[in-house]
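A quick write-up on the structure given underneath.
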Amino acid sequence: MDDETDPLKPRRPGSTDPVGIAARRGIRSYVLRAGRMTDLQRSSFETLSARWCVPFRPGESFAAESTFGRTAPLVVEIGFGMGVATAQIAAALPDRNFLGIEVHTPGVGKLLSEIESRGLSNLRILHHDAVEFLESCVPSRSVSGFHIFFPDPWPKKRHHKRRLIQRPLTDLLASRLEPGGYLYFVTDWEEYALWARDVLDSTPGLANRFPQGWADRTPWRPVTKFERRALTEGRAIRELWFEKA
Ligand SMILES: C[S@@+](CC[C@H](N)C(=O)[O-])C[C@H]1O[C@@H](n2cnc3c(N)ncnc32)[C@H](O)[C@@H]1O
């Protein structure tokens, strides 16, 4: 996508175009809490960040090839939490490059220890706000897949504006996907699932690959502790798989 058609290009004053993401700054999809770190998380964070974390450099293009030392489809996960699914998926799909993004420091420490102990050379971490990074550093049509698993549902109406899946954030994701690229979203929050399906349906350039609505579970997405609890408590797991035309 060139600058003229980029939906995220800053708008002229008085323009009737949809508002750009920059105007939303200050509304975050997370709240930073001072989480306690285990000794392993802290030592992994201190000793392994330099090796496996990519720096956030506003305005500078993320150079996937030199970061991973090879050319391979790039999958970006937004909000990996403790990285349990992230590590297992990276191990199961060694022919893809994975970039996991998370703001929560204990989770970054935990996933760093997994990268090291499992020898996951196809996984890197960005410890920063995913929206800012995607907007400022990720070229258009450069991502082969986005994973968003069990994002914060922000259930109260006054907090809906914090949801990751909403426009124009989904326009940003669509613009960064390469043709044929996918967005894989999973939630146990029924109302967010319906909301996300509507939002993605209305995002230009994205199409639902499952015309009946919900997607089938992929064989490579592991069942996490969180998901098992949701199932035990009787909540359905909803999956969405949209592709870039
Ligand atoms: C409910 S947790 C889910 C974690 C994990 N995906 C899972 O399935 O267990 C959502 C995570 O997304 C992270 N997050 C939310 N918005 C983010 C953003 N804009 N950039 C990076 N991380 C974000 C939060 O810090 C939180 O750890």
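Counting starts at 1 for both ligands and their atoms, in listed order.
Residue pairs that meet the ring pair (Phe, Tyr, Trp, His ring centres under 6.0 Å) test with at least one member in residues 225-245, sequence neighbours left out, are Phe150-Phe226, Tyr182-Trp241, Tyr184-Trp241.
Taking 4.0 Å as the cut-off between side-chain N and carboxylate O, Arg141 and Glu178 do not count as a salt-bridged pair.
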- Verdict with supporting geometry, Arg235 and Glu227, salt bridge (charged side-chain N to carboxylate O under 4.0 Å, His left out): CA-CA 9 Å; Arg235 292 192 299 283; Glu227 182 172 352; over 6 Å; no
Measure from every N or O atom of ligand 1 to the protein's N or O atoms and keep only the pairs below 3.5 Å, writing each with atom names and distance to 0.1 Å.
{"from": "ligand 1", "atom 1": "6 (N)", "to": "Gly79", "atom 2": "O", "distance (Å)": "2.8"}
{"from": "ligand 1", "atom 1": "6 (N)", "to": "Phe149", "atom 2": "O", "distance (Å)": "2.7"}
{"from": "ligand 1", "atom 1": "8 (O)", "to": "Phe149", "atom 2": "O", "distance (Å)": "3.3"}
{"from": "ligand 1", "atom 1": "16 (N)", "to": "Ser29", "atom 2": "OG", "distance (Å)": "2.7"}
{"from": "ligand 1", "atom 1": "19 (N)", "to": "Ser29", "atom 2": "OG", "distance (Å)": "2.9"}
{"from": "ligand 1", "atom 1": "19 (N)", "to": "Asp129", "atom 2": "OD1", "distance (Å)": "3.1"}
{"from": "ligand 1", "atom 1": "20 (N)", "to": "Ala130", "atom 2": "N", "distance (Å)": "2.9"}
{"from": "ligand 1", "atom 1": "25 (O)", "to": "Glu102", "atom 2": "OE2", "distance (Å)": "2.5"}
{"from": "ligand 1", "atom 1": "27 (O)", "to": "Glu102", "atom 2": "OE1", "distance (Å)": "2.9"}
{"from": "ligand 1", "atom 1": "27 (O)", "to": "Glu102", "atom 2": "OE2", "distance (Å)": "3.1"}

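Only one option out of Asp171, Asp198, Thr170 pairs with Thr203 in a side-chain hydrogen bond (donor to acceptor under 3.5 Å, both in side chains); it is Thr170. The salt bridge (Lys or Arg N to Asp or Glu O under 4.0 Å) test with Glu191 singles out one residue from Arg197, Arg163, Lys157, Lys156, and that residue is Arg163.
No hydrogens or angles considered: a donor-acceptor pair under 3.5 Å links the side chains of Glu116 and Trp52.
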